[in-house]
Visitor: 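Before we start, here is the structure in question, set down as structure tokens.
Everything quoted here is computed from the prediction, not taken from an experiment.
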Amino acid sequence: MMWIIFQTVTVYFLLVTCSAKNNFPAFLTFANSLADVGNNNYLPTIVKGNFYPNGIDFGKPTGRFTNGRTVFDILQQEMGFKNFTPPYLAPTTVGDMLLQGVNYASSASGISNSTETFYGTLLNFDTQISYHGRTAIAIMSRIGIPAAQKLLSRAIYAIAIGSNDIMYSETSSMSEEDYFDFLISRLKLGLKTLHSLDARKIVVANAGLIVCIPYEKDIHPVPKGSCVRILNRTAQRYNAKLKGLLVELNKNLKGAKFIYADIYQMLEDLSNNYVSYGFENGVSACCSVAGPQGGLIPCTFLSKICPDRSKYLFWDPFHLTEAGNLIAARHMMDGNSTYMSPMNIRQLLQV
């Protein structure tokens, strides 16, 4: 009788464990400063966010370029993760920790390898993909090839990179059309490489509305309430090519589910209707030093901080506050076709 009870209890816990793993897959992030959680802390670069007042609402500075959580931090919590996925370069990111996923994001990085030359050594998209290859091998050696392939194919891959490339597109010797084609070709190669490493559920964010960030408004003076429209058109042209690429990959790569996250549309809605979202300021940086919108100098220990961070859309010259990230994460998780195509992340989890 005791043996039967033991077997019953054992089967029960195995079923519960399997169910939990199915509901809460690993989360892997490839991105720039929108999702960097500390990789740049370990690199020879001036682009670091591991100092106060960054992280003031997170508990401490970690390398995140916001006052609290990033968009992908919030998504992980919504999916049921107990801990945030760690930065790849942290010496503690080893062993079983790899099984919950890894964050490869590097602030100021881009799709083009030349983007990093402005700021020193960064993890560009190629490097992030390469590091993920090492992670996949480490997971296989830890739990075996079949189990690793199952874990990787269930995982959510979140990609948010390209905005830095667009911001510095004017420095390219190529025409805009050729430059964007080059970026899309590099991105395509990286996404196909991920697919070859068993990635199947891949969320790709487009280039956000960089035209309305405090930095662009301060270096390109515009009428109050306006944005830098020439950059607006540039981002739209790139995003159209990106969306076409994901449609192509969904057709041609077996078992793939590439999701187009329209961050541009989300930020446009937020910028134009920030009051209806509960914000009092959708123009200026909460953490500011200089410039009409606080956009000329990055957030530093010398910065002034707005009295209520939950009422500001922008944290610094480039990034959203946690309050802004929370709304973007909700759109990604449960948004309709206006923001997510062909499905949202919650639907993707059920595939």
Visitor: Salt-bridge test for Glu177 and Lys241: reply yes if a basic N is under 4.0 Å from a carboxylate O, no otherwise.
Guide: yes
Visitor: Can you tell me how far CD of Gln100 sits from CG of Leu28, rounded to the nearest 0.5 angstrom?
Guide: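 So the CG of Leu28 and the CD of Gln100 are separated by 10.0 Å.
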Visitor: Among Ile, Leu, Val, Met, Phe, Trp and Tyr joined by side-chain contacts under 4.5 Å, find the other residues sharing a cluster with Met140 and list them by chain and number.
Guide: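 Cluster partners of Met140: Ile145.
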Visitor: For the rings on Tyr104 and His132, is their centre-to-centre separation under 6.0 Å?
Guide: yes
Visitor: Is there a side-chain contact between Ile259 and Ser341 (heavy atoms, below 4.5 Å)?
Guide: no
Visitor: Ring centroid separation for Phe180 and Tyr238, is it under 6.0 angstrom?
Guide: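 Ring centroids of Phe180 and Tyr238 are less than 6.0 Å from each other.
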Visitor: From Thr85 OG1 over to Asp73 CG, what is the distance, rounded to the nearest 0.5 angstrom?
Guide: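 Nearest 0.5 Å value for the OG1-CG distance: 7.0 Å.
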Visitor: Please name all residues satisfying ring pair (Phe, Tyr, Trp, His ring centres under 6.0 Å) with Phe58, sequence neighbours left out, ordered by chain then number.
Guide: Phe84
Visitor: Would a distance-only check, ignoring hydrogens and angles, find a side-chain to backbone donor-acceptor pair under 3.5 Å from Ser153 to Gln149?
Guide: yes
Visitor: Does the distance from a Lys or Arg side-chain N to an Asp or Glu carboxylate O, for Lys243 and Asp262, drop under 4.0 Å?
Guide: no
Visitor: One thing to verify: whether Glu78 and Arg330 come together as a salt bridge, which I'm taking to mean a side-chain N less than 4.0 angstrom from a carboxylate O.
Guide: no
Visitor: State whether Arg309 and Glu322 are salt-bridged, where the test is any N-O pair (Lys NZ or Arg NE/NH1/NH2 against Asp/Glu carboxylate O) under 4.0 Å.
Guide: no
